[in-house]
Amino acid sequence: QVQLVESGGGSVQSGGSLRLSCEASGATDGQYRMAWFRQAPGKEREGVASINSVGSTAYADAAKDRFTISQDNAKRTLYLQLNTLKPEDTAMYYCAASYARGVFVFTSLNAQRYAHWGQGTQVTVSS
């Protein structure tokens, strides 16, 4: 079983920054991909950024140049640095992970490729 616990959300003004964290525990051995998704009220969940075991990253167009995904393998923690936040970034942000043994795992912004999800952390950006 894998547990993902997000933290770091909050309320900021437009142009501000936040750093989200996602701590993984449980059966986290092997190759993996991890990602941040977000869902705003009335909208579908969308992928924001993804990273895999070897540190390859992928970003949604809305996240490029403003958000940075990173990881600390020793702490089994995933991060998302959010800079120059805009009101349209307001959403619940979710951490997701998928693990496999014996195969290389690519990054992905497709929610269907993730088996494990956290409960989410709210980010609210005011104008």
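What you see is a predicted model, and the numbers here were worked out from it, not measured in a lab.
The shortest distance between side-chain heavy atoms of Thr90 and Val123 does not fall below 4.5 Å. Inter-residue side-chain proximity for Glu6 and Leu78 is flagged as unmet; no heavy-atom pair is nearer than 4.5 Å. Side-chain contact between Arg19 and Leu82 is absent, with no heavy atoms from C-beta onward closer than 4.5 Å. In this structure, Gln81 and Ser17 have side chains that are in contact, with non-hydrogen atoms separated by less than 4.5 Å.
Atom CD of residue Glu23 and atom CG of residue Leu4 lie 10.0 Å apart, to the nearest 0.5 angstrom. Considering CG of Leu20 and OG1 of Thr77, their distance stands at 13.0 Å, rounded to 0.5 Å. In this structure, the separation between CD1 on Ile69 and CE on Met34 is 8.0 Å, given to the nearest 0.5 Å.
Taking the side chain to side chain donor-acceptor pair (under 3.5 Å) definition, one finds that Asp72 meets it with nothing, sequence neighbours left out. Checked against salt bridge (Lys or Arg N to Asp or Glu O under 4.0 Å), Asp65 has no partners two or more places apart in sequence or in another chain. For Ser25, the side chain to side chain donor-acceptor pair (under 3.5 Å) partners are Gln3, not counting sequence neighbours. By the salt bridge (Lys or Arg N to Asp or Glu O under 4.0 Å) test, Arg113 pairs with no residue at all, sequence neighbours left out. In terms of the ring pair (Phe, Tyr, Trp, His ring centres under 6.0 Å) criterion, Tyr93 has no residue partners (sequence neighbours excluded). Here Ser11 pairs with nothing under the side chain to side chain donor-acceptor pair (under 3.5 Å) rule; sequence neighbours left out. In this structure Glu46 satisfies the salt bridge (Lys or Arg N to Asp or Glu O under 4.0 Å) test together with Arg38, sequence neighbours excluded. With sequence neighbours excluded, no residue forms a side chain to side chain donor-acceptor pair (under 3.5 Å) with Lys43.
Under the disulfide bond (SG atoms under 2.5 Å apart) criterion, no residue pair touches residues 96-127, with sequence neighbours excluded. Applying the disulfide bond (SG atoms under 2.5 Å apart) rule to pairs touching residues 36-101 yields Cys22-Cys95, sequence neighbours excluded. Within the structure, the ring-ring contact (aromatic ring centres under 6.0 Å, His included) test picks out no pair touching residues 43-89 (sequence neighbours left out).
A donor atom on one side chain and an acceptor atom on the other are not found under 3.5 Å apart for Ser108 and Arg33.
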Donor-acceptor list for residues 51-58 side chains, cut-off 3.5 Å, not counting sequence neighbours:
unit_1, atom_1, unit_2, atom_2, d
Asn52, OD1, Val54, N, 3.2
Asn52, OD1, Gly55, N, 3.2
Asn52, OD1, Ser56, N, 2.9
Asn52, ND2, Val105, O, 3.0
Ser53, OG, Gln31, OE1, 3.4
Ser53, OG, Tyr32, N, 2.6
Ser53, OG, Tyr32, O, 3.2

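A salt bridge does not link Asp89 with Lys86: every distance from a Lys NZ or Arg NE/NH1/NH2 to an Asp or Glu carboxylate oxygen is 4.0 Å or more.
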